[in-house]
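Everything numeric here is computed off the predicted structure, so don't read it as measured data.
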Amino acid sequence: MASSYLPATTDSLAQASEATTPSEAISILYRILENPSSSSEALRIKEQAIFNLSDLLSQEKRAEDLQKLLVQLRPFFSLIPKAKTAKIVNKGIVDAVAKIPGTSDLQITLCKDIVQWARSEKRTFLRQRVEAKLAALLMENKEYSEALTLLSGLIKEVRRLDDKLLLVEIDLLESQLHFSLRNLPKAKAALTAARTAANAIYVPPAQQGAIDLQSGILHAEEKDYKTAYSYFYEAFEAFNALENPQALYSLKYMLLCKIMVSQADDVAGIISTKVGLNYQGPEVDAMKAVADAHSKRSLKLFETALRNFKAQLDEDPIVHRHLSSLYDTLMEQNLCRLIEPFSTVEIAHIAELIELPADHVEKKLSQMILDKKFAGTLDQGAGCLVIFEDPKQDAIYPATLETISNMGKVVDSLFVRSSKIVA
């Protein structure tokens, strides 16, 4: 970085944009920031220089330099309005660090430093927003207790100030945090609070999409996949219009809902639409493979999909929650298909056909009989499964029970009337 400063003018900014290398541009922007002038025009140019410099340092993956820049700019922040300071810190430097891969720990440290400085400078507006960002980073880092403690105090403070836009963000974050802790009642309550606050103000489309995405996740957790699908669809439309990366995950969860309600054949149709074709890749291919396995009721294909798309299926916390029940569904469908032609069949033969251990198959068949998935019994002595014909219900029994019930009501009514006459 050169020792002599440059004038804070549009010409200096143009000089930086015309630089042949990023290092040269960064050096020019640093020299603009060193200019001691505090005129309104100079401050405006420096503000633009900070955003340009943040972008360049982010592209060059110089996270430590961004951290030092934030400390270096503190005297400058005393010369500009607090709202502009918040914009530079949040939208400029903190977001620039977030774009650099593998900097989650540095982001947490950076946010803690900003919170401490903002508290000492009594910059409440900035501190609250950085604390919300810090809570989100702690949640991503699985430091749930610290994130929850931070959010609990922040929610009370923001509710007292009635900053509804920030309140929506915090309530949504609290819902995601409780969901990560498997506390569904509190996750739903926080989401309801976020929706209530959002109804009173204009919410940016990205945030509305995030609310719909979280709503879909919670409904899917309650096995209400049809409602979940509609929320994921709304989220997908919002994110797709903004070209937000979350659109891909909304589409992925839409496909998951179709599979879970046994409409796997619809998956290919959704993927092949004009919009769906824009999101071709491993995430969509993974769901297509699962849908194919579900359509063919093939456990082997399902296990192959899990193996080939481990990162997209097993490591996705939302999809992973539903894989167990999906596997059970596939196994039940597969077993039902295999035993359809038989009245009596050896368990070992079924295990051989389904390519699973015999004891595992026997346990599952026993569970299916108890759950009344089919009528049958296990003859463990002979190692066989005996399948019964579907029993036909005799209509006389329900009719008899209804008659007895009606007679009971008549007797009770007559007893009440006779009691009144005697009295």
Mind checking the [atom1]-[atom2] spacing from [X] to [Y]? Nearest 0.5 Å is all I need.
| X | Y | atom1 | atom2 | answer |
| --- | --- | --- | --- | --- |
| E121 | R127 | CD | CZ | 13.0 Å |
| E18 | E24 | CD | CD | 10.5 Å |
| H178 | L148 | NE2 | CG | 5.0 Å |
| I93 | D55 | CD1 | CG | 11.0 Å |
| I28 | N52 | CD1 | CG | 11.5 Å |
| L134 | N141 | CG | CG | 10.5 Å |

If every non-hydrogen atom of [X] is compared with every non-hydrogen atom of [Y], which pair is closest and at what distance?
| X | Y | answer |
| --- | --- | --- |
| P204 | L165 | CD-CD1, 3.9 Å |
| E64 | L106 | N-CD2, 4.3 Å |
| A247 | N240 | CB-N, 3.7 Å |
| Y144 | M139 | CE2-O, 3.6 Å |
| L385 | I339 | CD2-CG2, 3.9 Å |
| A49 | I32 | CB-CG2, 4.2 Å |

Side chains of [X] and [Y], heavy atoms from C-beta outward: is any pair under 4.5 Å?
| X | Y | value |
| --- | --- | --- |
| K252 | I318 | no |
| F239 | L251 | no |
| Q107 | I100 | no |
| H219 | S230 | no |
| F76 | T85 | no |
| N183 | L177 | no |
| R195 | D212 | yes |
| Q67 | V71 | no |

Take a 6.0 Å sphere around [atom1] of [X] and say whether it holds more than 12 heavy atoms from other residues, nucleotides or ligands.
| X | atom1 | value |
| --- | --- | --- |
| E352 | CD | no |
| Y249 | OH | no |
| K223 | NZ | yes |
| Y233 | OH | no |
| E315 | CD | yes |
| Q280 | CD | yes |
| K364 | NZ | yes |

Candidate pair K112 and E146, rule salt bridge (charged side-chain N to carboxylate O under 4.0 Å, His left out), full reasoning: CA-CA 12 Å; K112 285 180 177 177; E146 190 178 346; 3.3 Å; yes
Given 3.5 Å as the limit, does a donor-acceptor pair link the side chain of [X] with the main chain of [Y], or not?
| X | Y | result |
| --- | --- | --- |
| S405 | L401 | no |
| K133 | D95 | no |
| S12 | P7 | yes |
| T109 | D105 | yes |
| T273 | G276 | yes |
| S295 | A291 | yes |

CA sep, side-chain torsions, deciding dist, call: Y231, Q214, side-chain hydrogen bond (donor to acceptor under 3.5 Å, both in side chains): CA-CA 8 Å; Y231 277 118; Q214 180 67 6; over 6 Å; no
Go through D316 and R321 one step at a time and tell me if the salt bridge (charged side-chain N to carboxylate O under 4.0 Å, His left out) criterion holds. CA-CA 9 Å; D316 185 319; R321 295 186 199 282; over 6 Å; no
Given S54, which of D65, V94, L69, L70 fulfils the side-chain contact (heavy atoms from CB on, under 4.5 Å) condition?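 Checked D65, V94, L69, L70 against S54; only one passes side-chain contact (heavy atoms from CB on, under 4.5 Å): L69.
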Test: E222 and K188 ion pair at under 4.0 Å: yes
Would L338 and V345 count as a side chain to side chain contact (heavy atoms under 4.5 Å, CB included) here? Give the steps. CA-CA 10 Å; L338 289 173; V345 59; over 6 Å; no
Using distance alone, with no hydrogens and no angle criterion, decide if N244 and Q246 have a side-chain donor and acceptor under 3.5 Å apart.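 No, because no side-chain N or O of N244 sits under 3.5 Å from a partner of the opposite role on Q246.
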NZ or CZ of R129 within 45° of F125 ring axis and under 6.0 Å: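 Yes, a cation-pi geometry holds between R129 and F125.
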Pi-cation contact, F179 with R182 (under 6.0 Å, within 45°):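 Relative to the ring axis of F179, which defines the angle, R182 lies inside both limits.
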Would you please test E169 and L166 for side chain to side chain contact (heavy atoms under 4.5 Å, CB included) and show each step? CA-CA 5 Å; E169 182 183 336; L166 182 58; 3.9 Å; yes
Stepwise, does the side chain to side chain contact (heavy atoms under 4.5 Å, CB included) test hold for N90 with L126? CA-CA 8 Å; N90 274 320; L126 173 61; 4.0 Å; yes
Residue pair I26, R62: steps toward the side chain to side chain contact (heavy atoms under 4.5 Å, CB included) verdict: CA-CA 11 Å; I26 288 168; R62 290 165 60 173; 3.5 Å; yes
Steps toward salt bridge (charged side-chain N to carboxylate O under 4.0 Å, His left out) verdict (E157, R160): CA-CA 5 Å; E157 190 178 340; R160 195 164 54 247; 5.4 Å; no
Please work out which of the three classes, parallel, tilted or perpendicular, describes the rings of Y225 and H322, given edges at 30° and 60°.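 Ring orientation of H322 relative to Y225: perpendicular.
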Relative to the ring of Y279, is the ring of F236 parallel (under 30°), tilted (30 to 60°) or perpendicular (over 60°)? perpendicular
Check the pair E131 / R119 against salt bridge (charged side-chain N to carboxylate O under 4.0 Å, His left out), numbers first and verdict last. CA-CA 11 Å; E131 280 185 337; R119 199 181 292 278; 3.0 Å; yes
